[in-house]
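Beneath this line is the structure, given in structure tokens, with notes to follow.
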There are 4 protein chains.
Amino acid sequence: MSFNTFGHMFRMTTFGESHGVAIGCVVDGCPPGISLTARDIQVYLDKRKPGQSRFTTQRREPDEVRILSGVFEDDATDGQVTTGTPIGLLIENVDQRSKDYTEIRDKFRPGHADYTYQAKYGVRDYRGGGRSSARETAARVAAGAIARKVIPDVSIRGALVQIGPHRIDRKNWNWSEVERNPFFTPDAKAAAVWEDYLDDVRKRGSSCGAVVEVVASGVPAGWGAPVYGKLDQDLASGLMSINAVKGVEIGAGFGVAALSGEENADQIRMRHGKPEFLSNHAGGILGGISSGQDIVVRFAVKPTSSILQPRNTVTKQGEDAEISTKGRHDPCVGIRAVPVGEAMVALVLADHFLRHRGQTG
Amino acid sequence: MSFNTFGHMFRMTTFGESHGVAIGCVVDGCPPGISLTARDIQVYLDKRKPGQSRFTTQRREPDEVRILSGVFEDDATDGQVTTGTPIGLLIENVDQRSKDYTEIRDKFRPGHADYTYQAKYGVRDYRGGGRSSARETAARVAAGAIARKVIPDVSIRGALVQIGPHRIDRKNWNWSEVERNPFFTPDAKAAAVWEDYLDDVRKRGSSCGAVVEVVASGVPAGWGAPVYGKLDQDLASGLMSINAVKGVEIGAGFGVAALSGEENADQIRMRHGKPEFLSNHAGGILGGISSGQDIVVRFAVKPTSSILQPRNTVTKQGEDAEISTKGRHDPCVGIRAVPVGEAMVALVLADHFLRHRGQTG
Amino acid sequence: MSFNTFGHMFRMTTFGESHGVAIGCVVDGCPPGISLTARDIQVYLDKRKPGQSRFTTQRREPDEVRILSGVFEDDATDGQVTTGTPIGLLIENVDQRSKDYTEIRDKFRPGHADYTYQAKYGVRDYRGGGRSSARETAARVAAGAIARKVIPDVSIRGALVQIGPHRIDRKNWNWSEVERNPFFTPDAKAAAVWEDYLDDVRKRGSSCGAVVEVVASGVPAGWGAPVYGKLDQDLASGLMSINAVKGVEIGAGFGVAALSGEENADQIRMRHGKPEFLSNHAGGILGGISSGQDIVVRFAVKPTSSILQPRNTVTKQGEDAEISTKGRHDPCVGIRAVPVGEAMVALVLADHFLRHRGQTG
Amino acid sequence: MSFNTFGHMFRMTTFGESHGVAIGCVVDGCPPGISLTARDIQVYLDKRKPGQSRFTTQRREPDEVRILSGVFEDDATDGQVTTGTPIGLLIENVDQRSKDYTEIRDKFRPGHADYTYQAKYGVRDYRGGGRSSARETAARVAAGAIARKVIPDVSIRGALVQIGPHRIDRKNWNWSEVERNPFFTPDAKAAAVWEDYLDDVRKRGSSCGAVVEVVASGVPAGWGAPVYGKLDQDLASGLMSINAVKGVEIGAGFGVAALSGEENADQIRMRHGKPEFLSNHAGGILGGISSGQDIVVRFAVKPTSSILQPRNTVTKQGEDAEISTKGRHDPCVGIRAVPVGEAMVALVLADHFLRHRGQTG
């Protein structure tokens, strides 16, 4: 969790810029003997891929992943398995239009990292945001697909629960709806409302924010590590590292402020010979360690900063200027953030599974 | 940021349980030549110390810190300075009453980490929560005091902005009020309301949650590191690692969901020869790198789980039981979380200052 | 393995200067449920303690260790066990004579770290070498005692195999001799020769170097991790970090240069149903991973730089000077390096055991 | 320095197997604004490339490196510079002959990591040694070329100082000879002797060991970090991680055992207004920190284990067997280890430069 590496025992190191030669990552620390082909990874990349509906960017990026290392034929099964050595993954950038970058070369786009990268490094790859582009998240999704296979008993599912001011009605929650609408939302009624809302946003050349919820079921009690390797801490770290994310919460989240101790602390009873919690305000984590309940996290995604309307900015040379972004942009980046959020949760959990197994056997 | 160590270049490793011999920490990577005495640290510990008002626990813990290593006399100034070697800090636990721990030895307190520690380790120091006690945060505050001295041009101030359902009115914000009320709140009017509210909560043996805001001024543009060492990511990690914290947000935070791109993206103009942002929805961070604006973070603290009212739970032996917590507890742990939040922000910023200086000179 | 922390899953962070208040360390990542008392640690500290014979310094340092945290009573056994949380260890410095440090305050002792610490930090605790003193190794020995308990099936034994130009005769190797002479040597005949040799060195106010060998038996095949977490790499790192060490070798070590491939590569045969190596030039490690054979490492310790004879040096103020060291110094620091070398090997192996278990189950 | 990542501030993560699709690495933490093209890297890869003389393997591997990310055009110079973001490097494996691997699929080659990888992971890519192949060192050399550019004032030069039993005569040392013979040796006379010796070794289908020395000039006093981030410790770690290395020493190395304190401790005098050491037994490092003298390290490389003569071994199935290695192997891998050793020294020094700058400014 430093520089471009995420995780301790199960680690991902990513590289690549939006309009460079390629992006990719190295997944290190993966247990050996896990069945793995490019197909297993591609499934998740396809969920994140641009152009899946009119509500995401129309950029064409096939995002085909190649496994460069770390897998080999398994005598026992005749299939391909991980070898325990680093898994190199490569996704070539094929849609690098030779476009005119003059506008963004010298002007800092408000809400983007243009100004801060320039301030930090004195040089930046401005094409499509370079390293700060959300394109990097494809590498996370690819690594996350492998992480899932490390913890096969854990199910990790993400859902969009708010777009703009419109929240879902939790009473309508139906996981199977998530696959049936372009928003990854479990509330079919919300999907209908959002469709109109987002069409309007898109037509106005504007954008809107969103809130994503990710639920991990099947995590046993005991994962996590006090006091600076807490499970919720690493989830917060992982989710906050996603582009455009401005808030992360666990369980009842910011809502806890208004709760009393009686309301908030989840009571416990024995059920079928084991402890069962009567509610889940904790979001499945107590003292940084999983409790065996569902782990529930939410994160807020800001509206795309690339909008049509002209905005005030300054140039690299220190002059006032205006900028408006034409072209193919997601009106709500929160949608495609759903598979990315799932991937980060998978990476954190796989890492903590290995760490827990290391320390406690 | 793993196990009991926080930070990369400027690192803190803490140890100790609530009712053990002592707690403490090792601060590693501190630059040499910084003036430092126990007094400099004690000032911040005293802010966090229990028993400062009727709204915090009446436990008596003098929390006197000793510096065990890492400082030495400076020829030039005749004062004591850091030597660049690890600074050992020790705080002895003096109020370890030989009390009766029977109740919590076998019963898992709802909302506490009793059950999860037991599930993970098979053994736990149950006295006062052991390692999972918020007492550990004294070590953070001590290390944070040193971190502040590493970045003397940065001012880090925390404030309580919500208690239970009562938020402050931001129009009343006055930093100098923070020192004048027992809540560290900048809104004198809110303080008056909270006093009544919290008296009531306390008398009922209940508890309530809170929201803390920390503002760091004076951070230059350029601190932070893409893409897994983002400044906001490390702030989220650090703040979420504080006991009872269930949510963290930066700038406009969860509010971004309901904003449009036009509203959210902070425009820029040249002022006095340098770029100035016209608003601060970003909370001072773009693409994980500081923008030169104030860094603004908030975190939600859950209500104390130690309450009078009897609650359902189970025993270590697997039987249903009831538990109620008597004794000296904070009705709102959010209050004493203010200096802890400041300390974590200081630690993250000092670390990123050194990392930035390392990479870019 | 950065700054003052050693290890990944099983980690030790040390602090303290030679003549400061105290030295100590935090041992993090220790598995829970391991029986541990201060007595278990003290045994190894006593092996390293000064003043055990006329061949080590006559400084009086009782080196009594206190456990500050990380252990608790165990219901099952009624004994004290590790809890999985950080173990704080403290050793107070009791023999800090208020001596006159004028001589070394301004003069850089040749062969010591005085000049380099001053060059790096601009300030240094010159009393007894401060942080660069071998006194820090007491913390390693304490942590190493805990590491041993993490891998109870592994036996780690050190031995002195060379003092000055005098090597042992390997035909005389008898582990039980190690306890019977003041040199930790397995060759009783060498011990007799060394006694005279070292008496002479000591009387002349000179000093001599040594070579230490550490053998770890019982390590199963499979510990270690390619390619930058190799077992031999981490052993080299750990041993080279010991004060005064200038060389480390594994198995046949530097001798491999003169061997042919036929001589060097250890052949394998099946014995009692499992592979057995017919020789051990590899020192128990192939490709960075343990082979199940004894792990054999050696390290060279330079002669004490604190000698009576006057030496040329310079002052902090940039003037030529002379210095000679009176007082209580080890004529051969290699002797007391034996328990330190054992401790570092124990720390590396415990760490790799947990890492291996984490990745492969 | 864990798993497949090396370094702290300046980090390299490598991936890839000998006969897989490709090998490569991600270089992270590189300062921005450093001029860098593939050409700068290729120069060093060409030094390590097989088939440069009859004394190295005749395998054909063009080892052409591609930069995938982390560089961009620089306005000021019109050249390509590093951007501070991760530099992805890729080298495709073009000489993966579809050969018959039956022999090594089931038999463990003595002296190789076949048995230990199988024991650890239960599966291994046996083709050409897979991940344990020295082919991985191409990625190190590539990363090392970038490291050199981070510390342009430091000159890092390697030399072969022993082949089999034949050492160079240090009186003949002439750096410019290194480029003129196929052994990277500074002693022209030794080169003549070695030529005959190695021809004989090669014709017999045998192999021999070697010792490599690397000297870094121009390192200022102050790099390195006590006590587990010592410069010599990290050099030992880096060099011991190279395939086939069995020993590492600094300065006088194992020779210190036979020295007296008077002989060993390097005296100091003022020269031209600054301290100058009168000898360099320390190899440029005192207390883990550079002294400003040349840094001198040596490492021993074992003889290639792939030899013609039949050797005893066992099969994966647990049966006794014989194996002999035909085909294209280096009779003395120590030769091609020279540029690899230089690269590791460059990586350690670049990392420590950034770490030192981070802590002390």
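Here the structure is a predicted model, which is why all the values come from computation and not from measurement. Each chain gets a letter, A, B and so on, in the order the sequences are listed, and its residues count up from 1. Heavy-atom basis, side chains included; hydrogens, waters and symmetry copies ignored.
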Relative to chain C, which of B:Gly130, B:Ser69, B:Gly84 shows the most heavy atom pairs under 4.5 Å?
->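 Among the listed options, the one with the most contacts to chain C is B:Ser69.
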
Contact origin within B:Leu90 toward chain C - heavy atom pairs under 4.5 Å = side chain

Side chain from CB out, backbone as N, CA, C, O: work out which of these in B:Tyr126 comes under 4.5 Å of a heavy atom of chain C, or both, or neither.
-> both

What's the spacing between B:Phe3 CZ and C:Thr5 OG1 if we round to 0.5 Å?
->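 Atom-to-atom, B:Phe3:CZ and C:Thr5:OG1 are 12.0 Å apart.
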
Roughly how far, to the nearest 0.5 Å, is CD of B:Glu73 from CG of C:Asp125?
->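 One gets 8.0 Å once the value is rounded to the nearest 0.5 Å.
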
Between [Y] and [X], is there a side-chain heavy-atom distance shorter than 4.5 Å?
| X | Y | result |
| --- | --- | --- |
| C:Pro86 | B:Arg131 | yes |
| B:Arg66 | C:Val21 | yes |
| C:Tyr121 | B:Thr83 | no |
| B:Arg124 | C:Phe72 | no |
| C:Glu17 | B:Thr85 | yes |

So, the side chain of C:Asp28 versus the backbone of B:Asn4: is there a donor-acceptor pair under 3.5 Å, distance only?
->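 A pair under 3.5 Å: yes.
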
Under a 4.5 Å heavy-atom cutoff, which of C:Leu68, C:Val71, C:Ile87, C:Val123 has the most pairs with chain B?
->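 Of C:Leu68, C:Val71, C:Ile87, C:Val123, C:Leu68 has the most heavy-atom pairs under 4.5 Å with chain B.
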
What closest approach, in Å, do B:Val26 and C:Thr14 show between heavy atoms, and which atom pair accounts for it?
->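 The pair with the smallest heavy-atom distance is CG1-O, 4.3 Å.
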
